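What's counted below: heavy atoms across the whole structure, side chains too, no hydrogens, waters or symmetry copies. First the proteins, then the strands, lettered A, B, ... as listed; each starts at 1. Predicted, not measured: the structure shown is a model, and the values here were computed from it.
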2 protein chains.
Amino acid sequence: MAQKQNRSRYAILGMLTYQPMSGYDIQKFFADIAGFWQESYGQIYPNLRQLWQEGLVSKQVEEREKGPNRHVYALTEAGQQVLQTWLQETAEPLPIRNELLLKLIFGHQAGHAANRRQLEAFKEQLTADIGNLNIVEAWQEAQMDEGDPHAQYRRMAVRYNLHANQALLTWCDECLAELAP
Amino acid sequence: MAQKQNRSRYAILGMLTYQPMSGYDIQKFFADIAGFWQESYGQIYPNLRQLWQEGLVSKQVEEREKGPNRHVYALTEAGQQVLQTWLQETAEPLPIRNELLLKLIFGHQAGHAANRRQLEAFKEQLTADIGNLNIVEAWQEAQMDEGDPHAQYRRMAVRYNLHANQALLTWCDECLAELAP
DNA sequence: GGAGTCATGTAACTTGTTACATGATTGA
DNA sequence: TCAATCATGTAACAAGTTACATGACTCC
């Protein structure tokens, strides 16, 4: 039976364009760049096995004395082609579910104080996020200077969230002004 | 077995604070405000039945001569309390998966032209979205004037996306400048 | 001594979508 | 005449998370 969506496959294949990696590495990468993507082991390991069976990735086992061996996967020619096809298709926005906005449109029921609390909490999140993103951006710039050809693109992803979060801070203040106590 | 997450339940309960509604109405509402939430029939109808069994909503059947009868649900006291508890909890951001950014961080593999195409396509989406959001905002303002107590909050949700989208337009141009042909 | 990291993997579960069945009515 | 709207509902599937098992090593 044909795959329908399964973006995890592409996320995995894509990561292997950076360098050969283990499932553990892939999980860690997405957890670290945190924000716009994440993969759980429950997705990664079964998918890696299937990609390997389909010949889209190759496997090399690094023997380790302690604990489980490291399985390092690399893109094959076939894998590169599958990835390439996907990369050339225009990305369509995935359905979003924004819980803050869901609560907000029931704001009449929630009451003034609760709405303000939601917005204040969101502001704090945004501020913290922006702080982290600034640090990551500086890091990506350093990587660019060192000649990492992927760093420029990762920086763009970071700046996406910087732009959005900054705008949302403005939005929060606008709303809070409207809901003045 | 206790429910774990299931935001659909709350989305449904919340809609019933606006007025008694059918499952069909609820689906339609979310499809129309399109953007930050959506519910499928496959979620709504089973959930409505369960909420009814738990006594969180009441049901009234409107007989229709043609086609299936209309089942109109309303919030009960118990339902209002469950909703209220949820509304008072601070919203935590749901995990996001942004396919555009996923593709973008593999941009070195995709190539210059493909990256530019992705960004151009995104710009078009954003521009179209902003156009729609402006119309919806005007509509919500009209509803506010007519005394709809929920319209103010719906307008805030619309403005959230206006702010974000406008900022992302700037981001697109920034990226396109960086990827000048 | 305790937390965190390295490392693989699976089973049980939740959450959600899609496509279908049914069928009359309305408007372009 | 064709598409959309009204209206309920289910079955099959897809996608994804969480929690667990296993166990050594390193740093505070």
Side-chain angles (χ1 to χ4, degrees), chain A residues 1-12 15 20-32 34 36-53 57 59-73 92-99 102, chain B residues 1-12 15 20-32 34 36-53 57 59-73 92-99 102:
Chain A
M1 183 119 309
Q3 308 277 339
K4 281 279 164 68
Q5 301 278 53
N6 198 345
R7 339 241 160 201
S8 293
R9 283 165 66 87
Y10 298 111
I12 292 168
M15 279 315 303
M21 282 190 194
S22 69
Y24 186 83
D25 294 335
I26 292 171
Q27 196 283 330
K28 195 158 160 300
F29 176 87
F30 285 116
D32 286 352
F36 69 88
W37 206 266
Q38 56 315 121
E39 290 294 342
S40 64
Y41 293 129
Q43 283 289 100
I44 292 173
Y45 287 116
N47 267 305
L48 271 175
R49 190 215 292 219
Q50 214 199 317
L51 289 169
W52 176 67
Q53 283 168 348
V57 302
K59 189 200 315 200
Q60 203 177 351
V61 178
E62 282 179 14
E63 305 268 342
R64 295 198 324 156
E65 283 159 30
K66 337 266 175 173
N69 288 334
R70 224 173 108 82
H71 297 359
V72 178
Y73 296 87
E92 276 176 65
L94 301 180
I96 290 167
R97 291 185 130 193
N98 187 321
E99 201 178 354
L102 183 65
Chain B
M1 183 124 302
Q3 308 278 340
K4 279 281 164 65
Q5 302 277 52
N6 199 344
R7 340 243 159 200
S8 293
R9 284 165 64 87
Y10 298 110
I12 292 168
M15 279 315 304
M21 281 190 195
S22 70
Y24 186 84
D25 294 334
I26 292 172
Q27 196 284 331
K28 197 158 160 301
F29 177 87
F30 286 116
D32 287 350
F36 70 89
W37 206 265
Q38 60 306 131
E39 291 293 342
S40 64
Y41 294 130
Q43 284 287 100
I44 291 174
Y45 287 117
N47 267 305
L48 271 174
R49 190 216 295 220
Q50 215 197 316
L51 289 169
W52 176 68
Q53 283 167 348
V57 302
K59 189 199 319 198
Q60 203 177 351
V61 178
E62 283 179 13
E63 305 270 342
R64 295 198 325 156
E65 281 158 32
K66 336 266 175 172
N69 288 334
R70 226 174 106 81
H71 298 0
V72 179
Y73 296 87
E92 276 176 63
L94 301 179
I96 290 167
R97 289 184 131 195
N98 186 321
E99 201 177 356
L102 183 64

Side chain to side chain, [X] and [Y], heavy atoms closer than 4.5 Å:
{"X": "B:Tyr41", "Y": "B:Ile26", "answer": "no"}
{"X": "A:Phe30", "Y": "A:Ile44", "answer": "no"}
{"X": "B:Leu48", "Y": "B:Ile12", "answer": "yes"}
{"X": "A:Phe29", "Y": "A:Glu39", "answer": "no"}
{"X": "B:Asn6", "Y": "B:Asn47", "answer": "yes"}
{"X": "B:Met21", "Y": "B:Tyr73", "answer": "no"}
{"X": "A:Leu51", "Y": "A:Arg9", "answer": "yes"}

Distances for protein N/O vs nucleotides 25-28 of chain C N/O pairs under 3.5 angstrom?
unit_1	atom_1	unit_2	atom_2	d
C:dT25	OP1	B:Lys66	NZ	3.3

Rounded (10°) bend between the five-pair end axes of the helix from C:dG1-D:dC28 to C:dA28-D:dT1: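 Terminal axis comparison yields 60°.
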Nearest-Å distance, [atom1] ([X]) to [atom2] ([N])?
{"X": "A:Asn6", "N": "C:dG16", "atom1": "CG", "atom2": "C1'", "answer": "15 Å"}
{"X": "B:Leu94", "N": "D:dG16", "atom1": "CG", "atom2": "P", "answer": "15 Å"}
{"X": "A:Arg97", "N": "D:dA15", "atom1": "CZ", "atom2": "P", "answer": "17 Å"}
{"X": "B:Ile26", "N": "D:dA7", "atom1": "CD1", "atom2": "P", "answer": "13 Å"}
{"X": "A:Ile96", "N": "C:dG16", "atom1": "CD1", "atom2": "C1'", "answer": "16 Å"}
{"X": "B:Gln27", "N": "C:dT17", "atom1": "CD", "atom2": "C1'", "answer": "12 Å"}
{"X": "A:Ile44", "N": "D:dT17", "atom1": "CD1", "atom2": "C1'", "answer": "12 Å"}
{"X": "B:Arg7", "N": "D:dT17", "atom1": "CZ", "atom2": "C1'", "answer": "12 Å"}

For B:Tyr24, ring pair (Phe, Tyr, Trp, His ring centres under 6.0 Å) partners two or more places apart: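 None.
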Given D:dT18, is OP1 or OP2 found less than 4.0 Å from the side-chain N or O atoms of A:Ser40? no
On the nucleotide D:dA15, are OP1 or OP2 found under 4.0 Å from the side-chain N or O atoms that A:Ser8 carries? no
Under the salt bridge (Lys or Arg N to Asp or Glu O under 4.0 Å) test, residues paired with A:Glu62 that sit two or more places apart: A:Arg70
The criterion is salt bridge (Lys or Arg N to Asp or Glu O under 4.0 Å); which residues satisfy it with A:Lys59, sequence neighbours excluded? none
Going 5' to 3' through nucleotides 6-12 of chain C and flagging B where a protein heavy-atom sits under 4.0 Å of the base, S where only the sugar-phosphate is that close, and - otherwise, we get BBBBB--
Answer yes or no: is there a donor N or O on one side and an acceptor on the other, between the side chain of A:Gln38 and the main chain of B:Arg97, under 3.5 Å?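 Side chain of A:Gln38 to backbone of B:Arg97, a donor-acceptor pair under 3.5 Å: no, none is there.
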